[in-house]
Structure formats: C-alpha cells, structure tokens
Amino acid sequence: MNRTLIKDALTDAVVGSEITVAGWVRTVRNHKGKNRFSFITLNDGSCLATIQAVADPKLSNYESEVVHLTAGCSVVVTGKLVESQGKGQSVEMQVDEVRLLGAADAEVYPIQQKRHTFEFLRTQAHLRTRTNTFGAVARVRNVICAAIHEFFQSRGFLYVHTPIITSSDCEGAGEMFRVTTLETGRDDFDADFFGRRTSLTVSGQLEAETYACSLGSVYTFGPTFRAENSNTPRHLSEFWMVEPESAFCDADDNADLAEDFLKHIFSSVLQRCGEDMEFFNKWIDKGVIETLTHVAESEFVRLTYTEAIEILQKAGRKWEFPPEWGNDTQTEHERYLTEEKFQRPVILTDYPSTIKPFYMRLSDDGKTVAAMDVLVPKIGEIIGGSQREERLDVLTERMKAQGLNPDDYWWYTDLRRYGTVPHAGFGLGLERTVQFVTGMSNIRDVIPFPRTPRSAEF
RNA sequence: UCCCCGAUAGCUCAAUUGGUAGAGCGAGCGGCUGUUAACCGCUAGGUUGUAGGUUCGAGUCCUACUCGGGGAGCCA
C-alpha cells in the first residue's frame, strides 16, 4: 500500500496533494442535520497527533459504513490534504474514499473515547498502545534504545550477546528462575536437559567481562530475570538491562562513562521526541522536560559513600533508619540526596565491601570497594556498577568470604590468571530509564507486557 | 515477603454509619450547517471481586482468599 504516514502528512505533505493514510479511528463526530457530514480522527502510531478527515454523503458507503464508524475501526482513507476551516488543526483531509478494513464493535471495544486508568489499561495491554500515553511511551522507549546503541557504537563498543540461559550466578543480583525440563519436584540435575542446574540470567556481566578482556570495550543489551517477590512500582520480574564493560578502565572512567551515557540518552529524547515529551509534560509529570534538560546540562554530583553518610547524619532530620557507616543506604536517604539536597543525579562510590558482591574491586583502605551507584530523583538507583577485582588472589579470597566456591567460577577467574587487566562496567535498567524520562510512575506501564509476581498475562 | 488502603453498570465513581443500588462518561436511537473531551433529548445496561459467617434484613459488619494501589525490603 502506498500510504503516507500521518506524521509526514501533518508536517511534510503539500497542501492540495492527494494522499492515502491508514490507521485506527480515534473518534467520529457525525452531523446528521440537513447538511450531513462526518469528522473522523485517525491515528496510525507514527506520531502522537491524529489527522482529521472530513467525509460527506457523496461517498458511496457514507450511509452504510462511514456514519457507523466507531473508535478502534481500521480504515484506509484517500483524499486531498487541505487547509482546515476549523481551529484545532492546520490541515485536514477532504475525503474521496473511506475503505473499512476492520470494524470494532463499539458495545464491547475496551478502549473508549474517554480517560481510562492505567490499572484498567494494564488488563488490556494488547490494545493500550492505541491510547496517547502508551503510544508515546512506545515511541520514547524506541528512541532511548536507539540512543543506547548509537552512544556505544560511536565510541567503538562491541555489541555482544550474552546467554539468556545460564549456569552461573551473578552473586548479589537476586533470586533466579530455574530452567528445567524435569517434572515438578525433581531436582536431579544430572537427568536434566543440560545435565546441570540452569537458570534465566540475572545479569550478563560475568560473560561480558570475558569479551571485554579480549576485545576491549563491549556492551550487552537484553532481557534479564529476577525471581524476587518484589511488589513495587520500580521492579519487574523480566526487564531489559544495558551492561557496558571496558578493559583498561578504572572507577573514575566508569563514572564518566555512566554520566555521559545518561546525558546522551536524555538529550536524544529531548531532541527527537518533542511532541511526545510535551504530552508527558502536560498530562503525566509537569516539569519533566525542565528536569531532563537540567540533568542533561548539569554535572552529576559525585560523593563517596562515606561522605554521603556524613551528609545524611548532619541533615538534621529524623530518619526511620538512621544512617550509619556499614549499613546500606535506604530509599529515604537516596531520596533526600537526589530530591532535596542536590536536586539532580548523584553518583555514590566506594561502598563498604561487606555490603557489595565479590567481583567489586577492593580498595587500598581494605574496607571499601570501587562500587558506583547512580541515583536519580523519584526512581532511585538507575545504574549499579563497579571497577572489577582484577587480582586473582584478592578475588578468590572474597569469593570464599562470601561462601562461594572459586572452582565454580573457573572461567571467570581464568581472566585474572591469564593477562589480567583493570576493567569496569555497570548496568542500566532500561525501564527505570523510561520511567525517569517520561515521568510514568509505575514500571508496569513502560514495558509492553509486564511480568511481575503472579502476573504474566499476554 | 511485611504494613496501610481499596474492589459496586463496559469505564470512573456515589449510596445519608445495617433497611427499595444511583450518577457521569461510554454505548444504541433521535436531533443539530465546521466539530475536535462536540452539543441537546430519550433508551438499555447490575448475582455489589470470590467463598463462608453474623443478622428479620448485608454494597455496608466479621473471617479467609484473589486482584489492584501506596509505602518498606530486595535491586536495575
């Protein structure tokens, strides 16, 4: 079909030209007096805006089809693009032909011409992208993904595909989903498909490190799985994660990379998703454009964990969990730092070794590791990463201290045995990034088909 | 997993503290000379989340469960 995208019809097409558009009816307004005609608004997903098509009774199917069109019908409309007589739009279509592809029974079509709650639309995830909000989320998510690839490709990072099914446990990342062909209740892994215990990956980091330690700078970008019973607006059982890993890179380089990376994503969205971002700014999160612009232009705050604890202790407020060196920072602490004290992203570094996993590099003080968390307002932790432990003896000691058997990680320790190099990386949660950028408050509304405990419809 | 709140028409919500289940939107029909969350009129639409209990009587009170929301933990 030689069709014009509505996005192009509204911006590029020449007034007076004959065009064909195809899409789904959003609304129909029929005037049934002496002078009969109908306004049909159409959306095809190419942009937020709809195009208005004006149809009159001269159409052969006017009585039989056009006046009966309702929200959700799919149609192909051919006509002349003309200046609009109305005030809501600059151009519209004077219709020559309306071809109905698929009707949508208005009695039962779930997406009505009215506001719906996100909770309801979540039960209609297969149709919710026909609404303004979810169409906009989909387009912004796409631009974020494109920006991610552009950023790393332009810096010479290699895109590597780490396995979804894994036998390694990226310690500290969370509970894993078992992958098995055995019947329920059996756990004799010898008889299982892979002849050993396997799970869905919780992180591609360990595998990515192997590529970094031969190819330099790499990144993975794919789905990850956590079997945690987390019921919050910030957690999913299946989510997408970007994980760069760079050889010859220390903790400072790593933090620089994370900051540049986020800024590139934010400015890309501001540049390319103007219409959608205006929508979010108006209806979802007033001020989100200003926040993003501010974040894209200003320096992130960098603090060590130790400095952060001091700031929190001197904050002069009552904490539910009083900050104390050696305990992990709480949500209330992170919110104070990003939303009140600094009002922008904060990079926290050098956490106590006791609260971080074995692969993070032990610092000279013997107490902290070269960890890095990037915290943003409202969402909290959006990036977690570290410089990795490149010294074989220190690494195996820390594994043992955390109750792990270094033999199980023989290939991982081999990287330190043969030509070890300092290297570092981090993981960015894609959905949390989409949340931050759009202002959407629930993570289940920024992924097409959310998986959460007791919920895997579609 | 823990704490708090909720579930009533297709959707969003009422129901005077236990006494005849209503409205708006949406839908159908009719009207309207340019509308755009169109407007005006009429009509239809209900096993009050599920299962039990208390009571002459339960949308309302009690118990359990399911689902949803907010907060916390785990984390990205």
Side-chain angles (χ1 to χ4, degrees), chain A residues 26-42 49-56 67-68 70-72 82-89 92 94 104-124 132 170 172-175 202-205 223-243 258 283 320-321 327-332 334-335 355-357 373-376 379-385 426-436 441-444 446-447 452-455 457:
Chain A
R26 280 289 175 80
T27 62
V28 180
R29 291 177 292 278
N30 291 320
H31 289 253
K32 290 182 277 190
K34 288 173 193 165
N35 213 354
R36 310 190 47 158
F37 57 97
S38 300
F39 294 107
I40 305 162
T41 54
L42 271 188
T50 52
I51 195 165
Q52 174 164 282
V54 187
D56 64 46
V67 299
H68 300 293
T70 52
V82 297
E83 304 258 357
S84 178
Q85 298 172 37
K87 284 179 180 166
Q89 57 285 314
E92 64 189 18
Q94 198 61 53
D105 185 351
E107 295 268 14
V108 289
Y109 182 59
I111 312 297
Q112 302 173 350
Q113 301 177 38
K114 58 168 286 183
R115 293 274 202 93
H116 289 289
T117 58
F118 292 151
E119 290 79 20
F120 169 72
L121 289 171
R122 228 170 275 154
T123 70
Q124 308 293 326
N132 285 333
C170 197
E175 289 297 309
V202 293
S203 166
Q205 179 200 318
T224 46
F225 308 86
R226 305 277 166 91
E228 298 289 344
N229 193 5
S230 301
N231 295 285
T232 85
R234 304 181 301 280
H235 289 85
L236 289 165
S237 307
E238 177 184 289
F239 65 99
W240 284 64
M241 189 154 62
V242 188
E243 295 175 284
W283 298 105
E320 196 187 338
F321 301 93
N327 293 343
D328 211 345
T329 51
Q330 301 286 320
T331 298
E332 57 174 339
E334 298 175 356
R335 293 192 75 131
I355 57 172
K356 290 292 183 184
D373 282 0
V374 181
L375 312 174
V376 297
I379 313 292
E381 186 176 345
I382 198 170
I383 279 179
F426 60 82
L428 170 85
L430 177 66
E431 285 74 19
R432 288 187 182 173
T433 308
V434 181
Q435 270 190 285
F436 182 71
S441 56
N442 196 310
I443 200 166
R444 299 166 196 215
V446 298
I447 188 168
T452 53
R454 306 199 60 80
S455 174
E457 187 70 60

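Throughout, a chain's letter reflects where its sequence line sits, starting with A, and its residues are numbered from 1.
Of the P atoms belonging to B:G71 and B:A15, the separation is 26 Å, rounded to the nearest Å. Annotation: B:U48 and B:A37 have their P atoms spaced 37 Å apart (nearest Å). Nucleotides B:A27 and B:A44 have their C1' atoms positioned 9 Å apart, rounded to a whole Å. Atom name P, nucleotides B:C67 and B:G31: the rounded distance is 49 Å, in whole Å. A distance of about 7 Å separates the P atoms of B:G26 and B:C39, rounded to the whole Å. Comparing B:A72 with B:U16, their C1' atoms sit 38 Å apart, to the nearest whole Å. Nucleotides B:A9 and B:U60 place their P atoms 14 Å apart, quoted to the nearest Å. Across B:U47 and B:A51, the matching P atoms stand 13 Å from one another, rounded to whole Å.
A:Asn231 and A:Arg454 are not linked by any side-chain donor-acceptor pair at a separation below 3.5 angstrom, with hydrogens and angles left out of the test. Between the side chains of A:Gln89 and A:Ser84, at least one donor-acceptor pair of N or O atoms lies under 3.5 Å.
The side chain of A:Thr232 sits closest to B:A72 out of B:A72, B:A27, B:G34. Closest to the A:Ile443 side chain, of the nucleotides B:G34, B:A76, B:A72, is B:A76. Which of B:C74, B:U1, B:U35 sits closest to the side chain of A:Asn229 comes down to B:U1. Distance from the side chain of A:Pro233 is smallest for B:G70 among the nucleotides B:U1, B:G70, B:A76.
Whole-Å rounding puts the A:Asp328 CG to B:C75 P distance at 7 Å. Distance A:Leu121 CG to B:G68 P: 15 Å, rounded to the nearest Å. In this structure, A:Phe321 places its CZ atom 9 Å from P of B:A72, rounding to the nearest Å. Put simply, CD on A:Glu238 is 17 Å from P on B:A76, counting in whole angstrom units. If you take CG of A:Asn30 and P of B:G34, they are 13 Å apart, rounded to a whole angstrom. To the nearest angstrom, C1' of B:C25 lies 15 Å from CD1 of A:Ile111. Look at CG on A:Asn35: it is 13 Å from C1' on B:U35, rounded to the nearest Å. As a whole-Å value, the separation of A:Ile355 CD1 from B:C75 C1' is 13 Å.
At a threshold of 4.5 Å between non-hydrogen side-chain atoms, the residues A:Met241 and A:Gln205 do not count as touching. With a 4.5 Å cut-off on side-chain heavy atoms, A:Val54 and A:Phe39 count as touching. The side-chain heavy atoms of A:Glu381 and A:Thr329, taken from C-beta on, include no pair separated by under 4.5 Å. Between A:Arg335 and A:Gln330 the shortest side-chain heavy-atom distance does not fall below 4.5 Å.
Applying the 4.0 Å criterion to OP1 and OP2 of B:G69, one finds that A:Arg444 has a side-chain N or O inside that range. For A:Arg234 and B:A76, the shortest distance from a side-chain N or O to OP1 or OP2 is not below 4.0 Å. Note on A:His235: every side-chain N or O is 4.0 Å or more away from OP1 and OP2 of B:A76.
Under the 3.5 Å distance criterion, the side-chain polar atoms of A:Glu228 are left unmatched by any main-chain donor or acceptor of A:Ser237. Using a distance-only test at 3.5 Å, with no hydrogens or angles considered, a donor-acceptor pair links the side chain of A:Thr70 to the main chain of A:Ala104. Looking only at distances, a side-chain donor or acceptor of A:Thr41 sits under 3.5 Å from a matching main-chain atom of A:Thr27.
A:Asp105 comes within 4.0 angstrom of nothing in the nucleic acid, heavy atoms only. A:Gly427 comes within contact range of the sugar-phosphate backbone alone, with a heavy-atom separation under 4.0 Å but no base atom that close. Residue-level contact check: A:Glu457 touches neither bases nor backbone, having no heavy atom under 4.0 Å from any strand. Within 4.0 Å of A:Gln113, counting heavy atoms only, lie sugar-phosphate atoms of the nucleic acid but no base atom. Among the protein residues, A:Arg36 comes within range of no part of the nucleic acid, since none of its heavy atoms lies under 4.0 Å from any strand. Heavy atoms of A:Ser230 sit under 4.0 angstrom from at least one base atom. Residue A:Arg26 is out of contact with every strand shown, counting any heavy-atom pair closer than 4.0 Å. Backbone-only engagement by A:Asn442 is indicated by non-hydrogen atom pairs under 4.0 Å involving sugar-phosphate atoms exclusively. Heavy atoms of A:Glu431 sit nowhere under 4.0 angstrom from any nucleic acid atom. Using a 4.0 Å heavy-atom cutoff across all strands shown, A:Ile379 reaches no nucleic acid atom at all.
Taking 3.5 Å as the limit, the base of B:G34 and the side chain of A:Glu92 contain a donor-acceptor pair of atoms between them. With hydrogens and angles left out, the side chain of A:Arg29 and the base of B:C32 share no donor-acceptor pair within 3.5 Å. With hydrogens and angles ignored, a donor-acceptor pair under 3.5 angstrom links the side chain of A:Gln52 to the base of B:U35.
Taking the nucleotide of RNA chain B with the nearest heavy atom to each of A:Gln330 and A:Ser84, the more 5' of the two is matched to A:Ser84. For the pair A:Ala106 and A:Gln85, both in contact range of RNA chain B, the more 5′-proximal nearest nucleotide belongs to A:Ala106.
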ask   = Can you give one letter per nucleotide of nucleotides 7-12 of chain B, 5' to 3': B if a protein heavy atom sits under 4.0 Å from the base, S if only from the sugar-phosphate, - if neither?
value = ---BBS
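Heavy atoms only, all atoms of each residue included: A:Tyr109 and A:Ala71 are closest at CD2-O, 3.3 Å.
The aromatic rings of A:Phe37 and A:His31 sit parallel, their planes meeting at an angle under 30°, below the 60° perpendicular limit.
Rounding to the nearest 0.5 Å gives a distance of 8.0 Å between CG of A:Asp373 and CG of A:Asp328. Between atom CD of residue A:Glu431 and atom CD1 of residue A:Ile379 there is a gap of 11.5 Å, rounded to the nearest 0.5 Å.
For the pair A:Phe239 and B:A76, the ring geometry qualifies as stacking, because the centroid separation is below 5.5 Å while the planes lie within an angle under 30°.
Pairs of Watson-Crick or G-U wobble type, with distances under 3.5 Å, assemble into runs of 3 or more in RNA chain B at these ranges: B:1-7 with B:66-72, B:10-13 with B:22-25, B:27-31 with B:39-43, B:49-53 with B:61-65.
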